[in-house]
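Notes follow the structure.
Chain letters run A, B, ... following the sequence lines, proteins first, then strands; residues in each count from 1.
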Amino acid sequence: MLLLNNIHVFYGAIHALKGISFEVNKGEIVTLIGSNGAGKSTCLKTISGLLRPKEGALSFKDDDLTVVDAPQIVARGISHVPEGRRIFANMSVSENLDLGAYLRKDKEGIKEDREEIFTLFPRLKERRRQLAGTLSGGEQQMLAMGRALMSKPELLLLDEPSMGLAPILVKQIFEIIKEINSSGTTILLVEQNARMALSIANRAYVLETGKIVLSGNAQELMATEEVRKAYLGG
Amino acid sequence: MSNMKMSKLEIFNRKNVIMLFLLLLVYGIVQLLFQNQILNKFYMMTFILVCIYIILAVSQNLITGFTGQLAIGHAGFMAIGAYMSALVTVKLDGSLIAGLIFGSIVAAFAGILIGIPTLRLKGDYLAIATLGLGEIVRIIFLNTDYLGGATGFQVPKVINWTWAFWLMVISVVVIKNFINSSHGRACIAVRENEIAAEAMGINTTKYKVMAFAIGALFAGLAGAIYANYMYVILPGTFSFLKSFEILVMVVLGGLGSITGCIIGAGLMTLVSAFLANYPEMRMVIIAVLLILLMIYRPNGLLGNKEFKFDFLNPKKKGEENGTA
């Protein structure tokens with residue numbers, strides 16, 4: 001469904017992605033793991049159009065994504081939950097969700113999806129009139145995910161959903177990610193918490209300084225020596 | 001979203017009817033006081049200036065308060081509106097309405113032209129760029145002898161209280177409706193978090209330019225009203241100090257609050273008018289007031305809250321999605 005081929009991305013003079021190639025198939029959970037600065041978030045930003053590749057091919061459902069800009073990429077069914085959540089702090093929870101459906105015109109469908117998101121995240125329903133900035137970290141992560149789902153994506157890009165959350169909340173968030181996936185949304189997950197990410201993913205790619213160094217079935221990767229040593233603490 | 005549809009169907013709800021009645025009352029009382037000469041020319045000028053500054057502050061607020069772009073070139077757009085409307089009414093013998101429309105549209109057009117390159121900049125860089133552009137506009141008019149140059153451009157006085165007041169009301173209503181529309185929501189999203197807004201599929205550049213153009217349009221309108229009221233317009237009036245004055249009104253009233261910046265504009269204009277007899281003390285008192293305000297109410301008088309008139313409409317109390 002999503003195909004990256006030999007993607008190069010630069011931040012000014014810094015060569016951040018040095019020829020990344022991978023694919024995500026429909027219905028999968030694929031995770032990118034790697035240490036700080038490996039280029040995981042850069043990958044997601046490139047897919048959602050916030051950054052442009054200097055070289056390489058990027059396509060989604062056989063459409064070339066390198067020629068369309070970010071809003072059109074959302075319209076084609078890719079939704080990005082950016083790192084650090086980035087909710088609209090001075091807006092209410094419902095207004096945040098409404099903005100997620102910004103590109104949609106079907107009012108009835110939006111209403112239904114909002115109800116669905118409220119069943120997925122009951123906490124958001126309780127707090128729907130509260131200003132988003134006053135939510136706890138975990139609730140903000142739920143809101144960011146709910147907001148991204150409001151655009152009815154086929155592919156959801158999740159950037160560090162566990163960042164800054166207590167272990168029990170991390171577990172809860174990952175349960176929800178599995179649930180979203182089982183209802184038909186394909187997921188590309190970027191995580192520092194490699195153990196958690198590998199435990200729910202079908203396949204995984206390991207990034208190191210802008211290159212993919214390992215790839216394969218998530219369970220098998222978890223068992224390999226390199227991954228255990230480098231990312232799972234022995 | 002469904003709320004918007006409802007309120008469109010209910011234009012003549014109780015709240016709006018009462019608001020219209022209150023506006024008519026304010027307009028009527030002031031008009032009567034002028035006719036009976038209880039209030040003299042000085043008050044007349046002050047009240048009309050209040051209207052002009054309210055338009056300026058509300059339009060600046062759309063750019064800075066709601067879309068979050070710190071642009072300090074409002075006096076430049078005001079100058080474009082003033083000179084272009086005067087061009088139509090004086091040089092081309094056009095009607096006042098033609099002058100007002102032409103002045104506003106040229107200003108909006110200038111806003112788009114200036115906005116497309118400069119709105120890529122952020123924060124202080126945008127402020128410096130727009131400040132410079134405002135000054136360029138002033139210097140162009142200063143050196144255009146056809147439009148009076150440094151000696152000023154004589155314009156007959158045709159604007160009266162009726163024109164100023166109702167144009168102000170129309171401007172505020174248009175901007176308020178824009179902000180409450182989905183476009184306005186998108187602008188606020190740009191202010192809150194540009195990256196997230198873009199990830200939601202909002203074309204951030206488009207909305208920044210749109211807010212800038214609408215802001216410039218109404219700044220141009222305010223300039224046009226000013227030109228056709230003041231007998232003479234001088235390029236020096238539209239210096240960067242004027243831009244700061246407008247920005248101060250917005251910050252004073254509350255960035256992101258329409259009612260707040262209306263109060264801010266009214267207060268600043270009235271204070272400076274009534275201190276006109278003590279010119280040496282005027283700026284000192286205003287400065288002290290501003291310092292006190294920034295210490296005790298750093299978000300402005302109303303912050304980003306709106307003073308709501310919902311109590312006029314008791315039926316709609318249980319409304320969802322309130323934008324507090």
Quiz item: What distance do A:Tyr102 atom OH and B:His183 atom NE2 have between them, rounded to the nearest 0.5 Å?
Solution: 7.0 Å
Practice problem: Just jot down the salt bridge (Lys or Arg N to Asp or Glu O under 4.0 Å) partners of A:Arg86, sequence neighbours excluded, or say none. | Solution: none
Quiz prompt | Heavy-atom contact with chain B under 4.5 Å, split by part of A:Leu157 | solution = neither
Quiz item: Residue by residue, which of residues 197-218 of chain B have a heavy atom closer than 4.5 Å to a heavy atom belonging to chain A?
Solution: B:Ala197, B:Glu198, B:Ala199, B:Met200, B:Gly201, B:Ile202, B:Asn203, B:Tyr207
Practice problem: Take atom CZ of B:Arg120 as the centre, draw a 6.0 Å sphere, and report whether it contains more than 12 heavy atoms from other residues, nucleotides or ligands. | Solution: no
Exercise. Determine whether more than 12 heavy atoms belonging to other residues, nucleotides or ligands lie under 6.0 Å from atom OH of B:Tyr296.
Key: no
Quiz item: Any residues in residues 187-196 of chain B near chain A, with a heavy-atom distance under 4.5 Å, and which are they?
Solution: B:Ile188, B:Ala189, B:Arg191, B:Glu192, B:Asn193, B:Ile195, B:Ala196
Self-check item: Region of A:Leu99 in contact with chain B, defined by heavy-atom distances below 4.5 Å
Solution: both
Exercise. Can you establish whether the number of heavy atoms outside A:Lys125 located under 6.0 Å from its atom NZ is more than 12?
Key: no
Quiz item: Considering residues, nucleotides and ligands other than A:Asp62, do more than 12 of their heavy atoms fall under 6.0 Å from its CG?
Solution: no
Quiz item: Mind checking which of residues 67-80 of chain A sit less than 4.5 Å from chain B, heavy atom to heavy atom?
Solution: A:Ala70, A:Pro71, A:Val74, A:His80
Self-check item: Top of A:Arg147, A:Met150, A:Arg85 for chain B proximity - count of heavy-atom pairs under 4.5 angstrom
Solution: A:Arg147
Quiz item: Just wondering, are more than 12 heavy atoms of other shown residues or ligands nearer than 6.0 Å to CZ in B:Phe178?
Solution: yes
